[in-house]
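Each chain gets a letter, A, B and so on, in the order the sequences are listed, and its residues count up from 1.
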Number of protein chains: 2
Amino acid sequence: MSIPGGRSGRRRVADDGVVPPPPQRRATGRPPRISRADIVAAAHRIVDAEGVARLTMRRLAAEVGSTPMALYHHVRDRDELLVLLLEDYARRIPRPELPEQPRERIVAAALVLHDVLAERPWLVTALATDDLMGATALWIVEVMVDAAMAAGLSAERAVHAYRAIWYYTVGEITVRSAAGRQRASRDRPSYRDEVFASLDPAELPRLAALADRWTALTTVDTYAAGLRALVDGLLPGS
Amino acid sequence: MSIPGGRSGRRRVADDGVVPPPPQRRATGRPPRISRADIVAAAHRIVDAEGVARLTMRRLAAEVGSTPMALYHHVRDRDELLVLLLEDYARRIPRPELPEQPRERIVAAALVLHDVLAERPWLVTALATDDLMGATALWIVEVMVDAAMAAGLSAERAVHAYRAIWYYTVGEITVRSAAGRQRASRDRPSYRDEVFASLDPAELPRLAALADRWTALTTVDTYAAGLRALVDGLLPGS
DNA sequence: GAGGGTTTCTATACGCGTATAAAAACTTAG
DNA sequence: CTAAGTTTTTATACGCGTATAGAAACCCTC
């Protein structure tokens, strides 16, 4: 009925924490032909070779040599699969040298987070659902909360600060990747161009003056700059 | 072949701006049975009565008394439909009294924006694609850019400041609405609970200490507080 | 052996967004 | 009246995520 053990670490431990005598005991039931790890590995192969758009449950089933619905006994849904993929990516992040200074620590940690996601923007939807990254990447959150407290924030406010940074990061990835997707399919002239072309300078003088530069201005990568501003505002006075 | 006139404002105007002699001229071709306005109105009805989940192209076609594919001659895709819906919502926003002080103007404008979206989080995906709201809500952007410049920022930096706020807002809505959706389907115990339950206090002391308060801490609405911090960081020093 | 219990896997089906191709309904030219 | 051209509408189809129901494959106890 239920999906088998989430974290692969704990297995066959009763509620009281006692491990049953035969540690290498096979549970009853039909033996599985595929495993969660198989699925994740196959998913990795597909994403690397054909892109995430091709990562469908049917394609994945074919890759592991099974049927689509069989996957659902090992993975709750497609979103969970994406989170598992991220888990793998996160494991590979080299834990970088972090600055000592709290403010710079936070910025550095957020940049690591951002870089991982920016390369795989399709993860963000799945992540937002889980609101937090997989367990493997939690050290980034720890760093940020810890540094925020070192900078003088209470535990509560440190968490809120982390969250603000998380929001900002999710938003940046979402918007920028959506914009990129749109630029990719560039036969149509885009709603925005049309709107900007017909701006009324009397009503919206600033935007009208910026209209022709708008696309250029909003294509620049300003994540780091905005992040620094946010952190500056979040931490107690300069 | 192409989808007829975007903004309903300009019609039958040649490239040189001269209106052809017969202003009430019907173009050739099969006369339309439905219009863009019909579609948007029907969409509104469905969303209000049955929720956005029911707003499918098939259901919408039934509502306007047509077939699904007929809609696609008046609307590019479902996302564009959502943007048109937002357009309508935006038109209804009463333009509030805005504070004179630039910093507070920005905050107030962002809060208006946030409130509109927070009530209709499903709009955000469509919006992110278009990266900007429909024309009707552009005054919010104008206010923010203008106030940022009044506070001493260059035009470029003012746009970047607006963008940072936009990112933060999109992220907040995305994450919070995803979390809400998840809390709605609460039979399963959620991946996050599992992760937090098995935190290693030696590795992640801050998070372990906060584990039991985490959900409470991350459920609080901190949009306004984070926004103020962001604006403080973006505008030149106090 | 035979029958339950349990787990995994397969078959089938639904509704979704939308691509594609063709039919229908009109205007205009001959 | 007919033929061509244009626009809108329809029919059909594809692949998607996944719900549901039942078959298959194993372990036990008799």
Side-chain angles (χ1 to χ4, degrees), chain A residues 1-5 11-12 20 22 24-39 42-43 46 50-83 122 125-126 129 181 185 187-188, chain B residues 1-5 11-12 20 22 24-39 42-43 46 50-83 122 125-126 129 181 185 187-188:
Chain A
M1 260 308 165
S2 66
I3 294 166
R11 36 168 63 257
R12 320 221 98 261
Q24 206 64 354
R25 200 81 191 83
R26 200 74 207 82
T28 128
R30 175 174 177 169
R33 298 171 53 81
I34 59 178
S35 71
R36 197 185 257 239
D38 293 339
I39 294 174
I46 295 174
E50 310 173 29
V52 71
R54 283 278 158 72
L55 182 62
T56 71
M57 298 307 271
R58 285 168 167 87
R59 172 77 187 80
L60 182 55
E63 181 78 17
V64 298
S66 185
T67 60
M69 292 312 294
L71 305 177
Y72 286 85
H73 273 260
H74 303 270
V75 151
R76 173 149 50 225
D77 54 19
R78 192 170 179 275
D79 271 2
E80 189 181 87
L81 176 69
L82 295 183
V83 171
W122 38 274
T125 45
T129 290
R181 235 178 297 120
S185 60
D187 28 339
R188 55 202 192 174
Chain B
M1 259 310 164
S2 67
I3 294 165
R11 34 168 66 255
R12 319 221 101 261
Q24 205 66 350
R25 198 82 190 84
R26 198 80 205 79
T28 119
R30 176 174 177 168
R33 298 171 53 81
I34 58 178
S35 71
R36 196 185 255 239
D38 292 341
I39 293 174
I46 294 174
E50 311 172 28
V52 71
R54 282 280 158 72
L55 183 62
T56 70
M57 298 307 271
R58 286 168 166 83
R59 172 77 188 78
L60 182 55
E63 181 79 17
V64 297
S66 184
T67 60
M69 292 313 294
L71 305 176
Y72 286 85
H73 271 261
H74 304 270
V75 152
R76 174 148 50 224
D77 54 19
R78 192 171 179 274
D79 270 3
E80 190 181 87
L81 177 68
L82 295 184
V83 171
W122 40 275
T125 46
T129 289
R181 236 179 295 121
S185 61
D187 27 339
R188 54 200 191 176

Apply salt bridge (charged side-chain N to carboxylate O under 4.0 Å, His left out) to E80(A) and R36(A), showing your working. CA-CA 11 Å; E80(A) 189 181 87; R36(A) 197 185 257 239; 3.4 Å; yes
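- Distances shorter than 4.0 Å separate some side-chain N or O of S66(B) from OP1 or OP2 on dT10(D).
- We find that CD1 of I39(A) is positioned 11 Å from P of dT8(C), with the value rounded to whole Å.
- Distance check, rounded to the nearest 0.5 Å: CD1 of I39(A) to OG of S66(A) gives 7.5 Å.
- Using modelled atom types, no side-chain atom of T56(A) and backbone atom of A53(A) make a donor-acceptor pair closer than 3.5 Å.
- At whole-Å resolution of the value, CE in M57(B) and P in dA13(D) are 21 Å apart.
- Using a 4.0 Å heavy-atom criterion, one finds that R58(B) contacts the bases of the nucleic acid, with or without backbone contacts as well.
- Among the protein residues, T56(B) comes within range of the sugar-phosphate backbone only, with heavy atoms under 4.0 Å from sugar or phosphate atoms but none that close to a base.
- At whole-Å resolution of the value, CZ in R59(A) and C1' in dT18(D) are 19 Å apart.
- Rounded to whole Å, atom C1' of dC16(C) lies 13 Å from atom CZ of R54(B).
- To the nearest angstrom, C1' of dT18(C) lies 14 Å from CG of L60(B).
- Residues L55(B) and R33(A) each lie close to DNA chain C; by heavy-atom proximity, the contact nearer the 5' end of the strand is made by R33(A).
- Between P68(A) and A61(A), the shortest heavy-atom distance links the atoms N-CB, 3.3 Å.
- Atoms CG (L71(A)) and C1' (dT8(C)) sit 12 Å apart, rounded to a whole Å.
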Quick one, give me the B/S/- string for nucleotides 21-26 of chain D, reading 5' to 3', where B means a protein heavy atom under 4.0 Å from the base and S means that only happens at the primed atoms, P, OP1 or OP2. ---BBB
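- Here the nucleotide nearest the side chain of P32(B), chosen from dT8(D), dA11(D), dT8(C), is dT8(D).
- Considering CG of L71(B) and CG of L81(B), their distance stands at 8.0 Å, rounded to 0.5 Å.
- Closest heavy-atom contact between H74(A) and I34(A): CE1-O, 2.9 Å.
- As rounded to whole Å, 17 Å separates atom P of dT7(C) from atom CD1 of I34(A).
- D77(B) contributes atom CG, which lies 7.5 Å from atom CE of M57(B) (distance to the nearest 0.5 angstrom).
- In this structure, the CZ atom of R76(A) is 11 Å from the P atom of dT18(D), given to the nearest Å.
- Atom-to-atom distance recorded for R33(A):CZ and T67(A):OG1 is 10.0 Å, nearest 0.5 angstrom.
- Note that CD of E63(B) is 10.0 Å distant from CG of L55(B), once rounded to the nearest 0.5 Å.
- Direction change of the helix axis from one end of the helix from dG1(C)-dC30(D) to dG30(C)-dC1(D) to the other is 40°, with five pairs defining each end axis (rounded to 10°).
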